[in-house]
2 protein chains.
Amino acid sequence: MVIERRPLREQIRDELMERLTRGEFAAGTDVNEAVLAAELGVSRTPLREALITLTGEGVLESNQGRGFRFAPVSRKEFRELVAVVAALESLALESSDAAHLRKIAPELLRLAQGFPDPVAEHAVVDRRDDEWHGLLLSGCPNERLLDLLTGVKAGMRREPVARESEEHCEIARRLLEDDLPGAIEALKANWVGGMERMLAHIPQE
Amino acid sequence: MVIERRPLREQIRDELMERLTRGEFAAGTDVNEAVLAAELGVSRTPLREALITLTGEGVLESNQGRGFRFAPVSRKEFRELVAVVAALESLALESSDAAHLRKIAPELLRLAQGFPDPVAEHAVVDRRDDEWHGLLLSGCPNERLLDLLTGVKAGMRREPVARESEEHCEIARRLLEDDLPGAIEALKANWVGGMERMLAHIPQE
DNA sequence: CATCGGCATTTTGTATTCAGAATACTTAGT
DNA sequence: ACTAAGTATTCTGAATACAAAATGCCGATG
């Protein structure tokens, strides 16, 4: 049995992301380091380290003397992030092994058809969607790309995702037919569509 | 006159990147925090914060109990990063304002033609290349994309860049002719070509 | 009643200290 | 002479301490 030993800052980072997806932190609110550290049962030092990594990922922003705050994603930024994610996922799909894609296509279709109702709890929908996209990109050998993707996606995880089961099915079907360009097109359409649906929930600035 | 006040961690980060491009840190060597902090005239705390941000950017890597080390970029990783940068710069160019591109095209051509000899000092070549790509993407409204790009590029800045003046001219010429798809193609070719040339300097793992 | 200035309090940014893990070294035993 | 256990030293990871900046409060003043 291997005892896992990770630096506190990483555990804290994960915990904060977890809480963020559970909606515990409202966008725009600033972090009180002492309070949060006490709540987590750690000192300010590793907490600040975690906050700094999250700042690098765009989840937080920092101002000199004013500490950290949860970065509110404006409509503009949201569009920007979606464009980036769409491009990166396309690249990932493009550089994936064709045989592997063929192999996982049925599973993707099955999962997409079994997607929970859109009105289900956000956390559940999120997890399922993550799972699906994770499987979709599981054949991508570009590890740096995948790392980058998780980071960028973390920066978007503020508003509930609003994905469409049908669009996912479409992607899976294209892959079943060995139509990679078509799948990429469908993937981009999925992001654009998802973006429009999500923007409906983000207030005008 | 505005007095600039930035957190120490950011100044340290920049200073470290500066030193890195000057070739002061060999890849693979690990950081001695106390020594480096003394050298910079700061305490370990903001230094560690800078090291953590650089880890997020892929410049360093950290191992539990063993501290930070300058991440050696393997040939594989280098390829991965180039693919990502090419895709991101393409997206940036794609989403740029066409009129703006037309306007800067002559300047781009002029700069490309005046590129220093490839055998010039690395730091100089680097700065010129940065400048050129900065101007090329100056019309891109997607700020998050640009931020991401600088981060990813930071992770590659280990080996001297080996860019070709002619390829840059080609991109500029396409823009002059209002041929955006052609410019994007040339840009991708530039990255692929640059990659091949750079890989010659990176030892096999 | 609104506004400005000064004081008190809070909170961040940085330095310092402390504990524990990793590495280097020494020495005993074969 | 070589190995290995035990010890000393170094260095990281985390906690605490301190200084300065920011915020809030209150009263004086127009």
Checklist entry - Hey, what do you get for CG (A:Leu137) to NE2 (A:His133), rounding to the nearest 0.5 Å? => result 8.0 Å
Checklist entry - What salt bridge (charged side-chain N to carboxylate O under 4.0 Å, His left out) pairs are there with at least one residue in residues 86-101 of chain A, not counting sequence neighbours? => result A:Glu89-A:Lys153
Checklist outcome for this item: OG (A:Ser90) and CG (B:Leu91) are apart, to the nearest 0.5 Å, by 9.5 Å
Next on the checklist: Can you measure A:Asn32 atom CG to C:dT9 atom P for me and round it to whole angstrom units?
Outcome noted: 18 Å
Next on the checklist: Just to be sure I understand the rule, does A:Asn63 reach a base, reach only the sugar-phosphate, or reach nothing, if contact means heavy atoms closer than 4.0 Å?
Outcome noted: sugar-phosphate
Checklist entry - For the pair made of CZ in A:Arg48 and P in C:dG13, what is the distance, rounded to whole Å? => result 5 Å
Checklist outcome for this item: For A:Glu33, the salt bridge (charged side-chain N to carboxylate O under 4.0 Å, His left out) test, sequence neighbours excluded, returns A:Arg44, A:Arg48
Checklist entry - Listed by chain and number, what are the salt bridge (charged side-chain N to carboxylate O under 4.0 Å, His left out) partners of A:Glu10, not counting sequence neighbours? => result A:Arg6
Item to check | Distance, rounded to the nearest Å, where A:Leu51 contributes CG and C:dG13 contributes P | outcome: 10 Å
Checklist entry - For the residue pair B:His168 and B:Trp132, does the interplanar ring angle fall in the parallel (under 30°), tilted (30 to 60°) or perpendicular (over 60°) class? => result perpendicular
Next on the checklist: Using a 6.0 Å cut-off, check whether atom CZ of B:Arg127 has over 12 heavy atoms from anything other than its own residue.
Outcome noted: no
Item to check | Atom-to-atom span, CZ of B:Arg9 to P of C:dT14 - whole angstrom | outcome: 7 Å
Item to check | With A:Arg197 via salt bridge (charged side-chain N to carboxylate O under 4.0 Å, His left out) - residues at least two apart | outcome: A:Glu167
Item to check | DNA chain D: 5'-most and 3'-most nucleotides touching chain B, 4.0 angstrom heavy-atom criterion | outcome: D:dC11 to D:dA22
Next on the checklist: What contact category does A:Val35 fall into here, base, sugar-phosphate, or nothing, at under 4.0 angstrom with non-hydrogen atoms?
Outcome noted: nothing
Checklist outcome for this item: Assert: residue with more 5' nearest nucleotide on DNA chain D, out of B:Ala34 and A:Gly41, is B:Ala34
For nucleotides 16-22 of chain C, list the nitrogen or oxygen atoms of the protein found under 3.5 Å from its nitrogen or oxygen atoms, one pair per line.
residue : atom : partner : partner atom : Å
C:dT16  : O4   : B:Thr45 : OG1          : 3.3
C:dA22  : OP1  : A:Arg5  : NH1          : 3.4

